[in-house]
Amino acid sequence: MPHDLPKSYDPTSIEDRWAEYWVRENLFAQPTPKAGEGTAGPAQFSILLPPPNVTGRLHMGHMLNQTEMDILTRWQRMSGRRALWLPGTDHAGIATQMMVERQLTAEGTSRQALGREAFVDRVWEWKRHYGGAILDQMKRLGASVDWQREYFTMDERLSVAVREAFVKLYEQELIYRGAYIVNWCPRCQTAISDLEVVYDEHKGHLWEIKYPVIDAQGKDSGEFLTIATTRPETMLGDVAVAIHPEDERYLQLHGKKLRLPLMDREIPIILDEWVSRDFGTGAVKVTPAHDPNDFALGQRHHLASINVMDDSAHINEAGGPYKGLERFAARRKIVQDLEETGLLGGIKDHVHNVGHCDRCKTVVEPRLSLQWFVKIQPLADKAVAAVKEGHIRFTPEMYQKTYLNWMENIHDWCISRQLWWGHRIPAWHCAVCHKVTVAREDPTQCTHCGSEKIEQSTDVLDTWFSSGLLPVSVFGWPNLTAENRADFDTFYPTSLLVTGFDILFFWVARMIMMGCWFAGDVPMADGSPRTLADSVPFREVYIHALVRDANREKMSKTKGNVIDPIEIVKEYGTDAVRFTLASMASPGTDIAFNVARTEGYRAFANKIWNAARFIFMNVDRAAEVGISAGRAALGAMPSVPTDAPLEARWIVAELNAMTAKVNQSLGEYRFDDAAHGIYQFFWGSFCDWYLEIVKLRLDFSESADKERTKAALATLMQTFEASLRLLSPFMPFLTEEIWHAIYDGGPPAKSIALTRYPMAKAAADQSALIAMAFLQELIVEVRALRKEIGVEEKAVIPIEVRATGPMQSIVTTNSAMIERLARVSEVRAVEAISAGLAKHSTANFDVAVVYERTIDVAAERDRLKKDIARYEKNIANADRQLGNEGFRLKAPAHVVDGLKKQREENVLLLEKARAALAALPPE
RNA sequence: GGGCGGUUAGCUCAGUUGGUUAGAGCGCCUGCCUUACAAGCAGGAUGUCGGGGGUUCGAGUCCCUCACUGCCCACCA
């Protein structure tokens, strides 16, 4: 890589090249340690990529997630840890099946027409074709994952883990099968878990239906009991009507029966305290097969359950004349029929929440069906303990509460899905004894009766059952032997999980439950039992925010405000987008993604690019006069002798301070602080001040002191190179390109990512920081003065400076710096500023420019008056506090002293400003 | 119904255990093509920290309350 960089920074031309190089060279592969070499501990850093769905395309949320993980992984790797970032994809049961079904529909066919086997083949084909798309996009983003370890949740070895987990839980009697009300999606035609139902507020109706009361002889008494329902179609499955036992309106109906309209069936009136008297009519129809509350009611009162709908929510034979109607058509017909028979009491508007399938948004039908469940409490208990005992730490902390609240109120988990795509449940049903055989190896006969008439369950497992196992399964569980457990011993528990709150329950909580449960049985590398502390799937969880659009709106396809990261990356470069996300990623706050920021950070990248060009230009000039660039000294923190020029001591002090800050911030997941720190240092300190000053030292003329030039160039190079390393986790492409250019074809490593991350070496040189701050203030005042009195930009003019003792000598020593940066021809140290000159005063100095001023007297007067008002206010404020005995007694000494000093400064400045005002021509 | 956030400059956001004069980026105004960079340089303006009350010598920061706003959980038919 030659160091003659093109004139302008063009991200696309460099990013593709390095992205390809990192993958080709396998730079981030983390091989399995040799047996016995792997030891868990702080020397390791392992992290799992939340596996994107194979259906996925990269969106901004992914990019944020991956940028954060990549920054941390690169930082950890460069800090000397054995870093492993493990990528993979999720088969995503429902989501993927839906995509393929949609494709089939477009072809005019269906999965039913294909049959199960052919359909599953088709999905695999689809997966091979599209499944890697998101990973290819990740490569383009520079994600430093170990591509050699890439997995897919339906890989053979991960499927083994799924099967083992299922069988084990079954053996432990923590998996059971039973008929319960589950959330049923009629479009996906499968059960879904509580978490997969999203509720939307819906303006519906409350229909009041009159149920005729019948007498002892079974004849209509002429009386009615009016019930209220939001779903009239379910009345076909009514088995009772419930009222509150103390409801005075209905006391006379106790023990009576009703005729179910339309179905002409006798149903009892039951009494239950669950019924609320003030809702609707105080009488509620009971449909155990289609409502969870009714189901519980039915259990309590030993009522039958009548399921009136089929898998696609059409009315079945139990619905009599309504058989075959789709549920909403049935609803309309039923309401119409009731009206015609005079049994419709009334229709009221009613706003209520309606559950929809998370995937396809179809209205969910609560429905009685036979499903598999995990008895979750024992797992949840461990998962609660793991967090309460501090074995897993959440950032931001508040998510711990959210997590515990959910985990402590958890319900059994419905894990069976009536899908074709997924891990098939390892349970065989016997046609003879009707019992179930669950086994690790496919059985040929029923373990209960020995019959060979067994058939495997057609259900598959919830996708999250397999992804919940990932932290253990990717490292080889359950087949861990002394020979092959090095990965597990080294990398489990993983160090960190970085993810969004949207999958806190779906995935994070499940991993904690399953990790604690299954890893707990794996002995430690030394054979000792594993404690809960070492069973957890990860030690820390960092939950990041949602990426919204610039107006803080959630991105969604329907709103059309989705920002495609790949598009933005093409326009501004990956580095700029990464830096945007990092700089806006403060924990707990959503990110309003604004391309204006990205434009700003592309400018930052360009700034770095140009700083590199400037430096390389000087390296070349130095080479021409026989000064070497001193590359051998690179790769460490720069150090400068105490007699080095001020700017050299200062920039090294600043670099150390910023390095400490960045390391600390990254340790606290403060990506924003870290990014701002680097930005501020590089642009504000390094470019704006240091580079401008160092131009003075880069004197390649014959008469120049070569040693001094060489020293200046060395500090320049070292500081710049260290800055690149510091920046490289954030902007991996740009820094890689420039870093290689520094070495002009002979880099000491294959990548900047494989060098060491800077560590602050020493306490910052305070005297350099103080002196430089003073000079910066002086230079800024001179520039401001020039502007105020209208000195042309190009004019070079003398100044007068009055400063106190040590500061005066700093001015004298560094007059060349002042002259260059403030366009000054001569710095005159004086006892007092000459009368008539335009002057600025600070607590430390007075400064004036020697110039025939074209002063705007009115503006100057305004400025001074404003200053005076400010000083007076400050003094009054200080006096008020200092006059308060409580403050003097209770405030810490440094606060009181600071305030006193500040007051003195303000008194001085006030005097100066008043004098200056008096010296102005009268109004 | 329960819980958790947020409200700071025109915009997007920082602000560590309460402590001296509340910050950044973008935007805005003014002047500069100063040979690394006009994707730049220099200078400048801008806030009753959502309202009210309280604790304290001292509150953007702690407590109470109200308003607005966002999210999560629950799901009474």
Side-chain angles (χ1 to χ4, degrees), chain A residues 5 7-9 194 197 199 206 227-231 234 242 274-276 278-281 283-287 291-294 297 350 352-355 396 398-399 401-402 405-406 409 501-502 504-505 546 550-552 554 576 583-584 586 588-594 596-597 599-618 668 670 672-673 676 679-680 687-688 691-692 695 780 783-788 790 792-794 820-823 870 873-874 877-878 881 884-892 894-903 906:
Chain A
L5 300 179
K7 274 227 168 58
S8 75
Y9 163 65
D194 294 349
V197 180
Y199 289 91
L206 201 54
I227 59 93
T229 181
T230 54
R231 298 194 302 149
T234 62
W274 171 81
V275 179
S276 57
D278 48 4
F279 187 91
T281 61
V284 55
K285 60 196 262 326
V286 181
T287 322
D291 183 282
N293 289 306
D294 291 10
L297 213 49
H350 181 62
H352 61 137
N353 285 329
V354 176
M398 62 162 180
Y399 286 109
K401 265 193 246 171
T402 311
N405 184 50
W406 185 80
N409 295 290
F501 61 83
D502 51 332
L504 181 60
F505 306 136
L546 204 67
N551 302 317
R552 302 199 62 76
K554 223 175 194 167
S583 71
M584 298 186 81
S586 42
T589 310
D590 284 349
I591 293 174
F593 190 90
N594 192 338
R597 287 287 287 261
E599 266 172 53
Y601 293 123
R602 181 184 55 180
F604 179 50
N606 187 54
K607 189 78 182 173
I608 297 161
W609 185 263
N610 279 293
R613 289 181 55 228
F614 169 77
I615 291 164
F616 294 156
M617 189 182 87
N618 281 287
E668 295 166 351
R670 290 307 303 253
D672 56 336
D673 281 349
H676 290 145
Y679 182 94
Q680 199 55 47
C687 290
D688 287 350
L691 281 190
E692 291 306 317
K695 284 174 182 172
V780 168
R783 287 168 176 167
L785 260 177
R786 293 172 56 110
K787 189 95 162 179
E788 272 166 32
E792 304 91 74
E793 287 284 330
K794 284 184 177 166
R820 181 177 170 92
L821 269 60
R823 292 185 174 275
R870 193 172 77 239
K873 193 182 134 205
N874 290 343
N877 183 42
Q881 288 192 68
N884 187 320
E885 200 182 341
F887 175 74
R888 289 198 314 273
L889 255 49
K890 293 181 185 174
H894 76 274
V895 174
V896 179
D897 291 348
L899 191 61
K900 279 184 186 162
K901 193 178 163 214
Q902 180 210 322
R903 184 186 179 282
N906 274 278

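Chain A is the first sequence line, chain B the second, and so forth, proteins listed ahead of strands; every chain is numbered from 1. Just the heavy atoms: all of them, side chains too, but no hydrogens, waters or symmetry mates, feed the values below.
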Which parts of nucleotides 23-35 of chain B does protein reach within less than 4.0 Å, heavy atoms only, written one letter per nucleotide 5' to 3' as B for base, S for sugar-phosphate only and - for none?
--SS---BBS-B-
Could you please name the partner base of B/C28, counting Watson-Crick and G-U wobble pairs only when both distances are under 3.5 Å?
B/G44
Any strand: nucleotide that pairs with B/G18 via Watson-Crick or wobble, under 3.5 Å
none
Over all strands shown, is [X] touching base, sugar-phosphate only, or nothing at heavy-atom distances under 4.0 angstrom?
{"X": "A/N906", "answer": "base"}
{"X": "A/D688", "answer": "sugar-phosphate"}
{"X": "A/V286", "answer": "nothing"}
{"X": "A/P892", "answer": "base"}
{"X": "A/A784", "answer": "sugar-phosphate"}
{"X": "A/Y9", "answer": "base"}
{"X": "A/T230", "answer": "sugar-phosphate"}
{"X": "A/I227", "answer": "nothing"}

Between A/I591 and A/A605, which has a closest nucleotide on RNA chain B that is more 5'?
A/I591
State which of [options] makes the closest approach to the side chain of [X].
{"X": "A/N606", "options": "B/G15, B/U21, B/C37", "result": "B/C37"}
{"X": "A/F501", "options": "B/C71, B/G19, B/A36", "result": "B/C71"}
{"X": "A/F505", "options": "B/C73, B/A36, B/G15", "result": "B/C73"}
{"X": "A/A592", "options": "B/U12, B/U20, B/C72", "result": "B/U12"}
{"X": "A/K401", "options": "B/C4, B/A77, B/A36", "result": "B/C4"}
{"X": "A/Q881", "options": "B/A36, B/A77, B/G19", "result": "B/G19"}
{"X": "A/F887", "options": "B/C37, B/G19, B/C71", "result": "B/G19"}

Please check this pair: side chain of A/R597 against backbone of A/M584, looking for a donor-acceptor N/O pair closer than 3.5 Å.
no
Polar side-chain atom of A/R613 near backbone of A/S8 as donor-acceptor pair, under 3.5 Å
no
Quick one: is B/C75 close enough that its OP1 or OP2 comes under 4.0 Å of any side-chain N or O from A/N293?
no
Contact under 4.0 Å: A/H350 side-chain N or O vs B/A77 OP1/OP2
yes
Quick one: sort the A/F505 and A/W406 rings into parallel, tilted or perpendicular, breaks at 30° and 60°.
parallel
Rounded to whole angstroms, how far apart are CH2 on A/W406 and C1' on B/C75?
17 Å
Atom C1', compared across B/G10 and B/G54: separation rounded to whole Å:
34 Å
Rounded C1' spacing from B/U21 to B/G47 in Å:
14 Å
For A/Y679, is the NZ or CZ atom of A/K607 found under 6.0 angstrom from the centre of its six-membered ring and inside 45 degrees of the ring axis?
no
